[in-house]
Chemist: 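Next up is a structure, given as structure tokens.
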Amino acid sequence: MIIKVLFFLYIALSAFLVLKNYKLNKFLLFLVILGLTPWFVIFLKTPTQSWWLGNPLGISLTVNTSTDYLFFQGSENIEYSTQDAGYFYLWQLPLIILGFYTILVNANKLGKYLFIWFLIGLIFASIFSLSTFSASFLYFVPLQMIFFTGLNALWLSFKKMTKFQKILVGFYFLLGFYEVIVFFHILLVHWPKKILLG
Amino acid sequence: MKKNIFIFLLIILLAAFLRFFKLADFPPGLYSDEAALGYNAFSVLQTGKDEYGKSWPLTFQSFGDYKPPLSVYFIMPAVALFGLDEFSVRLPFALFGVLSVVLIYFLALEIFQKIKEKQLIAQIAALLLAVSPWHLHQSRCAMLVGLEVFFNALGVYLFLQGLKRSYFYALSALSFSLAVYAYYGSRITSPLIILVLIIFYRKIFFKNFKNILIFLSGFIILLPLFWAIYQDPQTLLGRARFMSIFYDKNVWGQLWEARTLDGPASNPLLTRFFHNKPFYYLKDFIKRYLQHFNTDFLFVKGELTAPFQIPGMGVLYLLDLPFLIIALLTIFRQKLKNLQLIVYWLLVSPVVAALTFMTPASNRSFNLVFPLYLLLSWGIFTFLQRFPRLKYRLLLVFVVYLPFIGFYLYQYYINIPRQIPQKWYYGKRELVEEIGKLQDGFEKVVLSDKGGPPYIFLLFFQKYPPENYWQSVKVNSEITQLGWGHIDSFDKYQMPRDFDWEKIEKKENVLYVTFGEEVGDDYKILKKVYFPDGQVAYKIFYLQK
């Protein structure tokens with residue numbers, strides 16, 4: 001009962017703030033109509049046992065944005081993931097961040113297009129929670145392009161870097177190269193055995 | 001001006017109400033670490049010695065564990081004033097929780113000083129921290145990190161003040177030192193935050209050699225700690241080493257599995273090239289580090305291990321997510337140094353948590369709260385700027401957040417007692433009171449250790465005289481793999497390690513205390529203690545003649 005009263009007060013207060021230019025009679029009319037609206041009537045008539053905030057879309061969205069899923073483990077289904085590596089290399093992460101930074105700070109048309117594509121893809125992928133990996137393509141593609149934008153930004157700034165910075169970048173790519181080799185080893189040697197073992 | 005002060009006071013009032021309301025009763029019960037801190041404070045207050053008889057220690061031993069000292073010394077005045085109970089133990093943490101809300105207000109004013117509407121940003125930051133589920137949870141229990149995070153944030157604030165008046169550097173160092181005394185993790189986190197500050201403001205800081213000397217002088221209070229470490233190396237890390245990824249066997253297991261999958265025919269050098277400790281540990285550390293920024297942890301599931309779990313929600317509100325994204329998207333466009341400082345502060349905060357094997361951990365990464373809420377306030381402010389004609393903006397923010405706050409309070413006050421009371425050792429007070437009433441006439445009381453270490457609750461709730469305890473206690477010196485020690489007995493209480501009803505010696509004239517349903521109802525049950533959902537928490541019984 002308390003939750004219902006609090007919820008009603010919350011709606012009333014929100015309406016008061018949003019509809020503050022309206023006269024009192026219109027505000028009251030809003031409350032009357034609210035009281036007659038089916039969802040509100042059903043809300044009043046049914047017990048409040050579970051809350052509506054935790055929704056499947058939200059949970060699936062967090063799987064798709066999880067760093068464990070993207071960079072370390074991939075899907076739980078062994079047929080779609082080696083389990084020992086994610087869907088992107090760890091060394092790509094800084095460049096993905098740089099890519100996001102570049103497209104958003106520069107804010108050109110292409111950047112905005114990519115960002116919106118990524119967001120729409122992510123949201124749609126999250127709706128298909130049963131086949132996560134296949135659905136993830138929807139945002140993997142723009143993410144790959146965003147990564148490439150980051151790589152391009154690094155390339156463009158490479159000439160201006162100090163020697164020390166250049167050595168650091170070289171070391172970073174060396175680590176990246178090592179990660180690629182390890183991944184292919186896992187893919188070709190470990191994964192088939194793991195699938196056989198189930 | 002008056003309006004701003006009024007709003008500020010309202011926020012503080014709200015923060016205080018949410019932190020002090022039924023503080024002794026929620027979280028339901030008293031966690032074993034809280035009981036240990038409280039009893040040690042009581043013991044030092046009464047005798048000048050801790051539960052192990054050490055005088056005014058700089059590290060407090062309990063359960064084979066070593067706890068940093070600041071919490072105990074802060075609990076002492078509360079115990080002196082109100083006696084030894086749940087409220088006294090939690091009081092300093094609730095108080096510092098409220099002070100943290102005050103601090104973030106002034107910190108936001110300092111960080112956003114060049115923004116015209118800095119007052120609004122500071123008010124949003126204070127309001128959001130006041131109602132933050134993460135901060136509320138940690139402010140309402142005695143779990144060390146509440147103090148640590150306050151002193152680290154105060155250190156940052158004083159350092160920023162030091163840029164204008166150099167004597168503040170000493171106070172900043174003093175504050176960071178107190179953070180080191182508050183929590184083991186700060187032995188890594190505080191130096192990292194200091195490093196970020198010094199790199200960020202190197203031109204001003206190194207301009208005058210005097211600044212360095214003033215700053216270093218503030219660390220003088222760490223000298224007793226160095227002396228204590230010299231005398232007893234356990235003081236340096238305590239139980240932290242048992243929690244480290246290097247102690248845990250997870251990476252070793254991964255390596256073993258990978259090398260096995262390579263097969264015996266594989267060249268050993270090649271196997272070592274692909275599967276080696278440095279690469280696996282690096283990956284493990286980065287994986288655990290990034291888990292603290294995952295949406296699952298922050299917004300949906302939160303911490304999954306007791307006792308920091310809030311069922312059904314993340315450590316932040318789901319609504320925080322879009323505003324955090326806005327903040328991150330816009331913060332680098334502002335060419336303000338202070339704003340970028342927040343991001344670097346954010347980045348160093350979960351390093352300690354990532355070095356431990358239980359991740360994501362909301363307590364060890366608690367340093368994230370200050371930079372996160374500063375970012376969040378910036379995100380909300382940026383969003384509100386899109387609607388310049390909007391009035392009552394702070395009230396609007398509060399109203400929009402109300403359903404989320406309501407949900408959190410519902411989970412905290414209704415669902416935690418229903419779903420996870422055992423994680424907070426609910427029922428121990430009632431149990432100890434009942435044992436006190438029933439134990440006369442029995443030769444011994446034998447207690448199961450399944451529902452948490454019983455000795456500390458007996459000491460705490462009976463306000464057992466420390467001198468009597470030292471005389472009769474039998475400490476089991478064997479430490480488990482996770483670093484836990486054990487107390488076998490004191491007075492007439494016996495607590496067999498790894499209690500197993502089938503294996504222990506059963507005698508008449510002994511009062512037995514077991515957890516839940518580990519023993520059936522075939523004996524003479526004197527009393528059952530129940531969880532709020534009606535499940536049996538403890539049974540007190542004896543063998544019938």
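A note on names: the letters A, B, ... follow the listed sequences, proteins ahead of strands, and every chain is numbered from 1. Every heavy atom of this structure was used, including side-chain atoms; hydrogens, water molecules and symmetry mates were not.
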Chemist: Could you please state which residues from residues 163-196 of chain A sit under 4.5 angstrom from chain B, measuring non-hydrogen atom to non-hydrogen atom, sorted by number, or 'none'?
Modeler: Tyr178(A), Glu179(A), Ile181(A), Val182(A), His185(A), Val189(A), His190(A), Lys193(A), Lys194(A)
Chemist: State whether Arg418(B) and Asp533(B) are salt-bridged, where the test is any N-O pair (Lys NZ or Arg NE/NH1/NH2 against Asp/Glu carboxylate O) under 4.0 Å.
Modeler: no
Chemist: When rounded to the nearest 0.5 angstrom, what distance separates CG in Leu346(B) from CG in Leu341(B)?
Modeler: 11.0 Å
Chemist: Before you tell me yes or no, could you show the steps for Thr149(A) and Thr102(A) under side chain to side chain donor-acceptor pair (under 3.5 Å), namely the whole-Å CA-CA distance, both residues' side-chain angles and the distance that decides it to 0.1 Å?
Modeler: CA-CA 7 Å; Thr149(A) 313; Thr102(A) 310; over 6 Å; no
Chemist: Find the distance between CG (Leu143(A)) and OH (Tyr87(A)) and round it off to the nearest 0.5 Å.
Modeler: 14.0 Å
Chemist: Against chain B, label Phe100(A) side chain, backbone, both or neither, depending on which of its atoms sit under 4.5 Å from a heavy atom there.
Modeler: neither
Chemist: If you round to the nearest 0.5 Å, how far is CG of Leu261(B) from CZ of Arg259(B)?
Modeler: 12.5 Å
Chemist: Within this structure, what is the CZ-CD1 distance for the pair Phe381(B) and Ile115(B), rounded to the nearest 0.5 Å?
Modeler: 6.0 Å
Chemist: Does some side-chain heavy atom of Leu70(A) sit less than 4.5 Å from a side-chain heavy atom of Phe140(A)?
Modeler: yes
Chemist: Specify which of Leu290(B), Leu329(B), Val400(B), Leu298(B) makes the most heavy-atom pairs with chain A at under 4.5 Å.
Modeler: Leu290(B)
Chemist: Does the ring center of Tyr408(B) lie less than 6.0 Å from the ring center of Trp134(B)?
Modeler: no
Chemist: Using 0.5 Å steps for rounding, measure from the CG atom of Leu114(A) to the CG atom of Leu119(A).
Modeler: 11.0 Å
Chemist: How long is the span from the CE atom in Met313(B) to the CG atom in Asn415(B), to the nearest 0.5 Å?
Modeler: 11.5 Å
Chemist: Which atoms of Gln411(B) are under 4.5 Å from chain A, going by heavy atoms: the side chain, the backbone, both sets, or neither?
Modeler: neither
Chemist: Considering only heavy atoms, give the residues of residues 269-287 of chain B separated from chain A by less than 4.5 Å, sorted numerically, with 'none' for an empty result.
Modeler: Phe273(B), Phe274(B), His275(B), Asn276(B), Phe279(B), Lys283(B), Ile286(B), Lys287(B)
Chemist: Report yes or no: does Asn294(B) contribute a side-chain atom to a donor-acceptor pair with the main-chain N or O of Asp296(B) at less than 3.5 Å?
Modeler: no
